[in-house]
Amino acid sequence: MRRERLGFGFALAVLSLWCTMEVAVEAAWSLQTPVKLVRHYYKAHNTCDYAEAYIRHQVESFYKYDKTIAPKLLRLLYADCFVNGCDASVLLDGPNSEKTAPQNRGLAGFAFIDKIKTVLEARCPGVVSCADILNLATRDAVHLAGAPSYPVYTGRRDGMTSTKDSVDLPSPSISWEASLAYFRSRGLDVLDMTTLLGAHSMGRTHCSFIEDRLYNFNDTGKPDPSMKASLLEEMRKLCPPKTKKGQPDPLVFLNPASGSKYSFTNSYYYRVLTNEAALGVDQQLLYNEDTKQITEEFAAGFEDFRRSFALSMSRMGNINVLTGKEGEIRKNCRFPNKK
């Protein structure tokens, strides 16, 4: 039985059990099948017992000076898992790599992953994958920002190719129907989608990603009528219409309630309910009964959102993973190993 067919109040009660018990829960309450990953893989296999501790220490040290790493790593992980699966292919350099795709403009956090990899290679050479580092570091960073410290199953291996043509990340102005179809194509459901979009509770976006909502919604030459007038006025001041080539593309906060604090809260869902979402895909959550109901529940209960986020992040981290003899363990996250 799929989660969207159940009452969401019941769904969140089950999520509470999942987050507080060290048990495997079957069906839609756990990772998608087949589950190839395990808890504490490097300790279980006695290959790098303190890998997760090393990563956590690096994240904590870096976070003290740069709280932007939480939203940066969240976006980086999403850009990786939703394309070829969680194989760290987004980290690979190259003239036509995933990094160069238009949808990935503004991706950041690469140097931070490089630093963690250097530390791990010094302690456990050739053991910890870049894919696992990205998943674990993201968990630790968003936990410091206020998210739960959810279980990260490990044992991923790294992909060896990366092409910009493989990047099919949707437009931020996508409809809820198209967005749900996209999430379902990755083995996720309506609760996962509504939950993971809550990552927009912090971070920034380029004006070019919301320009259509401000000036030419659906080619009407007018703004998106669903956008609250005060938000429209504010965003137009920050994002003037482009009139010439090479004009700057400023960054604006996705959620001014979080702003420069980069804190993980449920205020994103309040803004959706009051027509103050910056991205079109976020505002679209009001146009479906299921997503609207979930949005209302998360706006009313931060703990409900945190529990659902814990499971949905683990489910996203399970998309098309490489394990066993698949892929490789890269020595440098930016380049495949030399044969």
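Remember, predicted model here, so these are calculated numbers, not experimental data.
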Original post:
In Å, rounded to the nearest 0.5 Å, how long is the span from CG of Leu197 to OG1 of Thr194?
Top reply: 6.5 Å

**OP:** Measure the OH-CD1 distance between Tyr78 and Ile319 for me, rounded to the nearest 0.5 Å.
**Re:** 10.0 Å

Distance to the ring centre below 6.0 angstrom and angle to the axis at most 45 degrees; does that hold for [X] and [Y]?
| X | Y | answer |
| --- | --- | --- |
| Lys64 | Phe62 | no |
| Arg123 | Tyr54 | yes |
| Arg105 | Phe209 | yes |

[X] atom [atom1], neighbour heavy-atom count above 12 within 6.0 Å:
| X | atom1 | value |
| --- | --- | --- |
| Lys43 | NZ | yes |
| His57 | NE2 | no |
| Tyr287 | OH | yes |

Would you check if [X] and [Y] make a side-chain contact, meaning some heavy-atom pair closer than 4.5 Å?
| X | Y | answer |
| --- | --- | --- |
| Arg213 | Met235 | no |
| Asp66 | Lys72 | yes |
| Met313 | Asn135 | no |
| Asp87 | Glu326 | no |
| Tyr182 | Leu169 | yes |
| Val252 | Glu234 | no |
| Asn318 | Tyr153 | no |

**OP:** Indicate the atoms forming the closest heavy-atom contact of Lys117 with Cys130, along with that distance.
**Re:** CE-SG, 4.0 Å

Original post:
Any luck finding a side-chain donor-acceptor pair between Thr220 and Asn218 under 3.5 Å?
Top reply: no

**OP:** Check whether the ring centres of Phe309 and Phe298 lie less than 6.0 Å apart, and answer yes or no.
**Re:** no

